[in-house]
Amino acid sequence: KRVAILISGGGSNMVSLVEDMTGDHPARPVLVLSNRADAGGLDKAKARGIPTAVVDHRPFGSDRPAFEDALTHVLEQAHPDIICLAGFMRVLTEGFVTRWQGRMLNIHPSLLPKYKGLHTHQRAIDAGDTEAGCSVHEVTAELDGGRVLGQARVPIVPGDTADDLAARVLVQEHVLYPLVLRRFAEGQRDRIDLP
Ligand SMILES: N[C@@H]1O[C@H](COP(=O)(O)O)[C@@H](O)[C@H]1O
């Protein structure tokens, strides 16, 4: 299977996916695509010999479909079977999502369906939750709303800041996403929960 990975930032999840796609893994990374030319993950991908591309969203202003047409044009040249959103911070329209329906995954730093959207860790702390985590889900037109294929849980420790929690969850993201991608590439659609 051919996998394209969309990023906007440092790309630590992208690296964990790429480093797992070796040996008997049924998939290989064919493209790392960013909407930001200054995304730190681009250099990490180049250093691992993966083709990279940038489609800057800013020149398109509020014309999301035009931005997504440019994304789709670049993606189609890589012929991906699977698309992984990994810290990709643009909300995608229904048109784009429908085009890649059933072949696109995302990692979200909360225990979905709780805390869709942003600032997930602070919201979990403010709510007095005792645990948090991350979820890998299929991407649908509803933001962070698709079927959850995997979740990993971590404790919230009294006195935790959002940054403390984000760091603890990120460690689990790097375990969960590669696991779910491997199963997804093998055709498995049932959900896994860590630990
Ligand atoms: N969507 C969220 O954005 C962060 C991206 O981190 P990285 O993969 O760019 O390091 C991760 O926490 C991910 O869950």
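When hydrophobic clusters are built by joining Ile, Leu, Val, Met, Phe, Trp and Tyr residues whose side-chain heavy atoms come closer than 4.5 Å, directly or via intermediates, Met14 is not grouped with Leu33. Residues Val18 and Ile82 fall within the same hydrophobic cluster, defined by Ile, Leu, Val, Met, Phe, Trp and Tyr side chains chained together at heavy-atom separations under 4.5 Å. No single ILVMFWY cluster, assembled from side-chain heavy atoms under 4.5 Å apart, contains both Val139 and Leu181. Under the 4.5 Å side-chain heavy-atom criterion for grouping Ile, Leu, Val, Met, Phe, Trp and Tyr, Phe184 is connected to Ile192 within one hydrophobic cluster. A continuous path of hydrophobic side-chain contacts links Val55 to Leu75 [ILVMFWY only; heavy atoms under 4.5 Å].
Ser110 places a side-chain N or O within 3.5 Å of a backbone atom of Tyr115 that can act as its donor or acceptor partner. Without hydrogens or angle criteria, Gln151 side chain to Leu112 main chain gives a donor-acceptor distance under 3.5 Å. Remark: side-chain polar atoms of Arg90 are not paired, donor with acceptor, to backbone N or O of Ser8 under 3.5 angstrom. In this structure a side-chain-to-backbone donor-acceptor pair under 3.5 Å is present from Thr161 to Asp164. Remark: the backbone N or O of Lys1 is not paired with any side-chain donor or acceptor of Arg28 at under 3.5 angstrom. Of the possible polar contacts, one joining the Arg48 side chain to the Lys44 backbone as a donor-acceptor pair under 3.5 Å is found. Between the side chain of Thr52 and the backbone N or O of Leu42, no donor-acceptor pair lies under 3.5 Å. Looking at Arg123, its side chain does come within 3.5 Å of a backbone N or O of Lys116 through a donor-acceptor pair. The backbone N or O of Arg2 sits less than 3.5 Å from a side-chain atom of Asp81, completing a donor-acceptor pair.
In plain terms, the two heavy atoms of Pro59 and Asp56 that are nearest each other are CD-O, 3.2 Å. The heavy-atom pair separating Ile7 from Ala39 by the smallest distance is CD1-CB, 4.2 Å. Closest heavy-atom contact between Ala141 and Val97: N-CG1, 3.6 Å. Shown here for Glu68 and Leu92, the closest heavy-atom pair between the two residues is OE2-CA, 3.3 Å. For the residue pair Gly150 and Arg191, the shortest heavy atom distance occurs at N-CG, 4.3 Å.
Within the 4.5 Å cutoff, the side chain of Lys46 has heavy atoms near those of the Asp43 side chain. When side chains are defined from C-beta on, Val3 counts as touching Cys84, because their heavy atoms get closer than 4.5 Å. In this structure the side chain of Asn35 reaches within 4.5 angstrom of the side chain of Phe67, judged on heavy atoms. Side chains of His108 and Leu143 form no contact here, defined as non-hydrogen atoms less than 4.5 Å apart. Under the 4.5 Å side-chain criterion, counting only non-hydrogen atoms from C-beta, Thr120 is not in contact with Val169. When side chains are defined from C-beta on, Val154 counts as touching Leu165, because their heavy atoms get closer than 4.5 Å. Taking the side chain as every heavy atom from C-beta outward, Arg36 and Met89 never approach each other to under 4.5 Å. Residues Leu31 and Val74 meet the side-chain proximity criterion, which asks for heavy atoms closer than 4.5 Å.
The structure places CD of Glu138 at 11.5 Å from CG of Asn106, a figure rounded to the nearest 0.5 Å. The CG atom of Leu149 sits 6.0 Å away from the CG atom of Leu105 when rounded to the nearest 0.5 Å. To the nearest 0.5 Å, atom CG of residue Leu170 and atom SG of residue Cys134 are 8.5 Å apart.
No donor-acceptor contact under 3.5 angstrom links the side chains of Thr72 and Asp69, judged on distance only. Side-chain N/O atoms of Gln188 and Arg182 include no donor and acceptor closer than 3.5 Å.
By the 6.0 Å contact criterion, CD on Glu94 is open, its count of non-hydrogen atoms from other residues, nucleotides or ligands being 12 or less.
Considering only residues two or more places apart in sequence or on other chains, Thr140 meets the side chain to side chain donor-acceptor pair (under 3.5 Å) condition with none of them.
Annotation: side chain to side chain donor-acceptor pair (under 3.5 Å) contacts involving residues 165-178, sequence neighbours excluded, comprise Ser12-His174, Asn13-Glu173, Asp160-Arg168.
Using a 4.0 Å cut-off between a side-chain N of Lys or Arg and a carboxylate O of Asp or Glu, Arg183 and Asp190 qualify as a salt bridge.
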